[in-house]
Amino acid sequence: MNRTLMGLVALLIGLCVCPSCGGKKYPDGFPKVYPLKVKVIQAGAPLADASINFFAEDATISKWAVGGTTNAEGIAEIRTQNFPGCPAGKFKVVVKKTVQEGGPQNAEEAKQMREGKEFPPVVVREMVSKEFGDHLKTPLSIEVTGSEGNTVPEFDVGDAYEEDISGTLLGS
């Protein structure tokens with residue numbers, strides 16, 4: 001009995017010491033990644049809730065999704081295939097932020113709408129200039145070397161911007 005208990009304790013300690021054992025496994029061919037946070041500013045202030053995508057110049061890493069979403073301070077932790085970190089390489093940086101107003105805001109309201117309740121029309125606005133949202137046109141780029149350390153590269157997406165894109169989403 002004592003040996004069984006000791007064996008379980010040893011196993012638990014081993015799992016704690018070896019976090020990769022039993023944790024998420026990287027997919028085959030997954031590149032080495034490095035911790036990276038970036039900051040996005042617009043009109044001199046942090047831009048919250050923006051999506052950031054990195055488009056690799058190197059074809060061997062371009063198959064991996066790299067990006068993040070900014071927090072209230074405009075900072076995003078960059079992730080690769082949802083694993084923390086970014087591969088080394090040169091990337092074009094795309095920044096997008098859309099805001100939706102009107103329409104149902106949750107599952108209960110969607111159910112109410114199906115049952116006949118009316119809601120204000122849906123309005124979708126793009127909050128970052130289109131040039132930053134196109135990986136072929138964006139002026140933003142970064143070279144990740146793996147030695148960034150505690151630096152937080154900053155990307156400026158220009159002046160405040162707002163464009164109603166509601167009609168373009170429906171093809172009208």
Ion pair [X]/[Y], N-O distance below 4.0 Å:
{"X": "K117", "Y": "E115", "result": "no"}
{"X": "R125", "Y": "E162", "result": "yes"}
{"X": "K130", "Y": "E163", "result": "yes"}

Between [X] and [Y], what is the shortest heavy-atom contact and its length?
{"X": "A59", "Y": "S62", "result": "O-OG, 3.1 Å"}
{"X": "G133", "Y": "K96", "result": "O-CE, 3.1 Å"}
{"X": "V144", "Y": "C86", "result": "CG2-SG, 3.8 Å"}
{"X": "A48", "Y": "A72", "result": "CB-CA, 3.8 Å"}
{"X": "A56", "Y": "I61", "result": "CB-CG1, 3.6 Å"}

Any side-chain heavy-atom pair of [X] and [Y] under 4.5 Å:
{"X": "P87", "Y": "W64", "value": "no"}
{"X": "Y26", "Y": "Q81", "value": "no"}
{"X": "S129", "Y": "Y161", "value": "yes"}
{"X": "P46", "Y": "V40", "value": "no"}

Donor-acceptor pair, distance only, cut-off 3.5 Å: does the side chain of [X] make one with the backbone of [Y]?
{"X": "T98", "Y": "E126", "value": "no"}
{"X": "T138", "Y": "L140", "value": "yes"}
{"X": "Q100", "Y": "V124", "value": "no"}

Quiz item: NZ of K90: more than 12 outside heavy atoms within 6.0 angstrom?
Solution: no
Exercise. Look at atom CD of E118 and say whether more than 12 heavy atoms of other residues, nucleotides or ligands are closer to it than 6.0 Å.
Key: no
If you round to the nearest 0.5 Å, how far is [atom2] of [Y] from [atom1] of [X]?
{"X": "N71", "Y": "K37", "atom1": "CG", "atom2": "NZ", "result": "8.5 Å"}
{"X": "F155", "Y": "Q42", "atom1": "CZ", "atom2": "CD", "result": "15.0 Å"}
{"X": "K97", "Y": "L47", "atom1": "NZ", "atom2": "CG", "result": "5.0 Å"}
{"X": "I52", "Y": "I78", "atom1": "CD1", "atom2": "CD1", "result": "5.0 Å"}
{"X": "L36", "Y": "T80", "atom1": "CG", "atom2": "OG1", "result": "9.0 Å"}
{"X": "E101", "Y": "D164", "atom1": "CD", "atom2": "CG", "result": "9.5 Å"}

If hydrophobic clusters are built from ILVMFWY residues whose side chains come within less than 4.5 Å, do [X] and [Y] share one?
{"X": "V95", "Y": "I75", "answer": "no"}
{"X": "V33", "Y": "V38", "answer": "yes"}
{"X": "F119", "Y": "V123", "answer": "no"}

Quiz item: When the aromatic ring centroids of F83 and F30 are compared, is their separation below 6.0 Å?
Solution: yes
Quiz item: Under 6.0 Å between the ring centres of F55 and F91?
Solution: no
